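If you're wondering where the values come from, they're calculated on a predicted model, not measured in any experiment.
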Amino acid sequence: MKNYDVGHVPLRLPKAKQLLGVIDRNFGTLAFCRRFLDRIGETKYLMALKNLCDNGIIQPYPPLVDVKGSYVAQYEHTIMLRPTCKEVLTRGDDY
């Protein structure tokens, strides 16, 4: 996830600058994972991503884990609570 509290940090690696631009355009401040970078066609970005993390521009998060060896998924929706019902506003055709 990009940390917007960080001021201007000079980046020496051109690939880190390019990757930061890709992250800004595609994710903004939303959390993302390396798989998302793979899906949008980024290759050979691990050193640049480490450089962004080391400079505090990107904040790394470990995978969510519940019980040892299992994975946890997080889903978020926008809901509207009405007096007589609940409505999920972000539900699309693919869900």
Side-chain angles (χ1 to χ4, degrees):
M1 178 181 299
K2 184 173 180 193
N3 186 358
Y4 270 101
D5 294 335
V6 173
H8 176 73
V9 177
L11 295 172
R12 295 180 183 213
L13 293 176
K15 183 68 177 172
K17 292 177 188 178
Q18 183 265 337
L19 182 62
L20 183 59
V22 168
I23 291 169
D24 279 337
R25 284 190 304 277
N26 291 285
F27 310 112
T29 58
L30 297 176
F32 65 93
C33 63
R34 289 175 22 195
R35 182 179 64 239
F36 294 173
L37 293 172
D38 292 336
R39 286 181 183 168
I40 61 173
E42 286 300 307
T43 58
K44 300 180 182 177
Y45 57 83
L46 292 178
M47 188 183 335
L49 187 59
K50 181 178 180 339
N51 184 263
L52 293 173
C53 290
D54 290 345
N55 284 311
I57 298 170
I58 300 294
Q59 185 172 357
Y61 287 96
L64 298 174
V65 180
D66 184 18
V67 177
K68 187 172 182 163
S70 69
Y71 292 96
V72 174
Q74 179 179 351
Y75 296 95
E76 296 180 10
H77 285 289
T78 301
I79 61 170
M80 181 186 313
L81 300 175
R82 296 183 180 182
T84 57
C85 67
K86 296 171 270 203
E87 182 179 352
V88 179
L89 301 175
T90 54
R91 184 173 294 161
D93 296 335
D94 60 342
Y95 183 77

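No chain of hydrophobic side-chain contacts below 4.5 Å, direct or via other Ile, Leu, Val, Met, Phe, Trp or Tyr residues, connects Leu46 to Leu13.
Residues Asp54 and Lys50 are in side-chain contact: their nearest non-hydrogen atoms beyond the backbone lie under 4.5 Å apart. Proximity of Lys2 to Ile58: side-chain heavy atoms (C-beta onward) are separated by under 4.5 Å at one or more points. Leu11 has its side chain within reach of Asn51: a pair of non-hydrogen atoms, C-beta onward, lies under 4.5 Å apart. Side-chain contact check for Arg82 versus Glu87: some heavy-atom pair is nearer than 4.5 Å.
A donor-acceptor contact shorter than 3.5 Å is absent between the side chain of Thr78 and the backbone of Leu89.
Put simply, CG on Leu52 and CD on Gln59 are 13.5 Å apart, with the number rounded to the nearest 0.5 Å. Atom CG in Leu49 sits 10.5 Å away from atom CG in Leu20 (nearest 0.5 Å).
Judged as a ring-ring contact (aromatic ring centres under 6.0 Å, His included), the pairs with a partner in residues 12-36 (not counting sequence neighbours) are, in order, Phe27-Phe32. Residue pairs meeting the side-chain hydrogen bond (donor to acceptor under 3.5 Å, both in side chains) criterion with at least one member in residues 30-40, sequence neighbours excluded, are Asp38-Tyr45.
Applying the side chain to side chain contact (heavy atoms under 4.5 Å, CB included) rule to Val9 yields the partners Val6, Asn55, Ile57; only residues at least two apart in sequence or on another chain are considered.
Heavy-atom minimum distance, Lys44 versus Lys15: O-CE, 3.4 Å. Between Val22 and Ile40, the shortest heavy-atom distance links the atoms CG1-CD1, 3.5 Å.
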